[in-house]
Number of protein chains: 2
Amino acid sequence: MDEYSAHHLDDLFGAMSDATRRAILARLAQSDARVTELASAFTISLNSTSKHIRVLERAGLVTRSVQGREHVLSLNAGPMAEAAGWLEFYRQFWTDRLAALEDFVVKKRHLDKHGSKQ
Amino acid sequence: MDEYSAHHLDDLFGAMSDATRRAILARLAQSDARVTELASAFTISLNSTSKHIRVLERAGLVTRSVQGREHVLSLNAGPMAEAAGWLEFYRQFWTDRLAALEDFVVKKRHLDKHGSKQ
DNA sequence: CGTATATTCACCCATATGGATGAATATAGT
DNA sequence: ACTATATTCATCCATATGGGTGAATATACG
């Protein structure tokens with residue numbers, strides 16, 4: 001079952017468990033950006049942004065290219081494939097559940113039409 | 001972009017960011033289990049297990065059915081669909097990256113065959 | 001009714017997190 | 001050299017986390 005490094009998945013899911021960091025990832029999906037650009041976009045301090053970026057780097061989701069005094073951040077979605085792969089195992093469970101729900105709805109509609117009144 | 005509740009995704013990704021909790025989910029994918037059964041399977045105390053379960057419940061990944069003095073836990077993978085959906089947006093980025101890597105490998109192989117020595 | 005079992009509650013502890021501020025470092029521009 | 005800009009480092013604070021232990025609660029069993 002655990003073909004992925006547990007520690008890596010810890011960092012990966014942990015990095016994605018914060019709304020600010022998910023917003024940073026969404027922003028970087030549009031284009032690379034500097035730390036200041038990210039900070040101004042999310043109304044949190046520059047230092048907080050810097051910390052979030054470090055968390056994202058540790059998870060491997062963001063890479064940094066230092067160009068002079070500017071640090072350019074890039075999205076690196078690669079590791080997300082591991083998270084998606086881990087989730088994939090469970091897809092059968094939620095699709096089964098949806099299928100069961102659909103059955104229920106169909107059956108209920110049938111009863112509403114042809115079943116006993118109230 | 002954020003069609004999912006940010007708070008929900010926080011809890012969801014947060015719940016999946018711990019190896020013990022992922023192991024609990026994997027165990028519950030096989031069959032329902034009681035708290036004690038889960039605790040004995042993972043060599044952590046009953047109370048730690050109880051806490052992990054609460055985290056999983058808060059994320060909606062586990063449901064509890066109290067039967068007498070026993071609490072039977074069940075996997076509820078439904079919310080994972082949201083996490084998977086969130087990740088889906090980024091699939092293009094990691095597949096693009098894999099495609100780029102493949103291009104590079106092919107190009108390199110070509111150079112190794114026909115390019116200048118050294 | 002008394003006792004064993006299943007689980008949670010109330011704490012305690014060490015560490016991590018998210019946020020802030022002020023100082024330090026590094027680079028660009030003049 | 002001086003100054004402005006970009007970013008991190010060092011702290012501090014409140015809160016959360018993961019782990020533990022011992023007591024409390026609830027239910028089953030004899």
Side-chain angles (χ1 to χ4, degrees), chain A residues 2 5-28 31-75, chain B residues 2 5-28 31-75:
Chain A
D2 237 350
S5 154
H7 184 258
H8 196 195
L9 280 179
D10 281 13
D11 285 348
L12 199 47
F13 281 122
M16 298 187 295
S17 75
D18 181 273
T20 301
R21 285 194 290 269
R22 288 196 303 277
I24 290 177
L25 292 172
R27 168 66 186 74
L28 291 180
S31 74
D32 294 355
R34 290 175 300 122
V35 181
T36 309
E37 289 167 348
L38 294 175
S40 64
F42 303 121
T43 65
I44 56 174
S45 81
L46 193 57
N47 296 2
S48 282
T49 309
S50 182
K51 275 205 235 179
H52 281 303
I53 292 169
R54 200 168 11 174
V55 172
L56 289 167
E57 281 184 294
R58 192 178 57 194
L61 291 172
V62 159
T63 57
R64 180 189 307 253
S65 154
V66 179
Q67 296 173 5
R69 62 181 169 178
E70 300 183 352
H71 295 208
V72 177
L73 290 322
S74 307
L75 173 66
Chain B
D2 237 352
S5 156
H7 185 257
H8 196 196
L9 280 179
D10 280 15
D11 286 347
L12 198 47
F13 281 122
M16 299 187 293
S17 74
D18 181 273
T20 300
R21 285 194 291 268
R22 288 196 303 277
I24 290 177
L25 292 172
R27 169 64 185 75
L28 291 179
S31 74
D32 295 356
R34 290 176 300 122
V35 182
T36 310
E37 288 168 349
L38 294 174
S40 63
F42 303 122
T43 65
I44 58 175
S45 81
L46 193 57
N47 295 2
S48 281
T49 309
S50 181
K51 277 204 233 177
H52 281 304
I53 291 168
R54 199 167 15 177
V55 173
L56 290 168
E57 281 185 293
R58 192 178 58 194
L61 293 172
V62 158
T63 57
R64 179 190 308 253
S65 155
V66 179
Q67 296 174 3
R69 63 182 169 178
E70 300 183 353
H71 296 208
V72 176
L73 291 322
S74 307
L75 173 66

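Predicted model only: the values in this text are computed from it and were never measured. Chain identifiers are assigned alphabetically (A, B, ...) following the order of the sequence lines, protein sequences preceding nucleic acid strands; residue numbering begins at 1 within each chain.
Considering only side-chain atoms of A/His52, the nucleotide from D/dT7, C/dG18, D/dG20 that sits closest is C/dG18. Of the candidate nucleotides D/dG20, C/dA20, D/dT7, D/dG20 has the atom lying nearest to any side-chain atom of B/Ile44. For A/Leu46, counting side-chain heavy atoms from C-beta on, the closest listed nucleotide (D/dT7, D/dT21, C/dG18) is D/dT7. When the nucleotides C/dT7, D/dG20, D/dT7 are ranked by their closest atom to the side chain of B/Ser45, D/dG20 comes out on top. Side chain of A/His71, nearest nucleotide from C/dA20, D/dT21, D/dT7: D/dT7.
A/Asp10 places its CG atom 15 Å from the C1' atom of C/dT17, with the value rounded to the nearest Å. Taking atom CE of residue B/Met16 and atom P of nucleotide D/dG18, one finds them 14 Å apart after rounding to whole Å. As a whole-Å value, the separation of A/Arg22 CZ from C/dG18 C1' is 14 Å. Atom C1' of nucleotide C/dA28 and atom CD of A/Glu70 are separated by 9 Å, given to the nearest angstrom. Going from atom CD of B/Gln67 over to atom C1' of C/dT7 covers 14 Å, rounded to whole Å. Atoms CZ (B/Phe13) and P (C/dG18) sit 15 Å apart, rounded to a whole Å. As rounded to whole Å, 16 Å separates atom P of D/dT17 from atom CD1 of B/Ile53. A/Ile24 places its CD1 atom 11 Å from the P atom of C/dG18, with the value rounded to the nearest Å.
Nucleic acid contact for A/Asp18: sugar-phosphate only, since backbone atoms but no base atoms lie under 4.0 Å from a heavy atom of the residue.
By the 4.5 Å heavy-atom criterion applied to side chains, A/His71 and A/Ile53 are not counted as neighbours. Using a 4.5 Å cut-off on side-chain heavy atoms (C-beta onward), A/Thr49 and A/Phe42 make no contact. Using a 4.5 Å cut-off on side-chain heavy atoms (C-beta onward), B/Thr36 and B/Glu70 make no contact.
Side-chain atoms of A/Asn47 and base atoms of C/dT21 include a donor and an acceptor less than 3.5 Å apart. With hydrogens and angles ignored, a donor-acceptor pair under 3.5 angstrom links the side chain of A/Arg69 to the base of D/dT5.
With hydrogens and angles disregarded, no donor-acceptor distance shorter than 3.5 Å links the side chain of A/Arg58 to the backbone of A/Ala15.
If B/Gly68 and B/Ser48 are placed on DNA chain D by their nearest nucleotide, the residue sitting closer to the 5' end is B/Ser48. For B/Lys51 and A/Arg58, each mapped to the nucleotide of DNA chain C holding its nearest heavy atom, the one lying further toward the 5' end belongs to B/Lys51.
Contact annotation: B/Arg21 reaches the phosphate of D/dG18 (side-chain N/O to OP1 or OP2, under 4.0 Å).
Distance CG/B/Leu61 to CG/B/Leu73: 12.0 Å, rounded to 0.5 Å.
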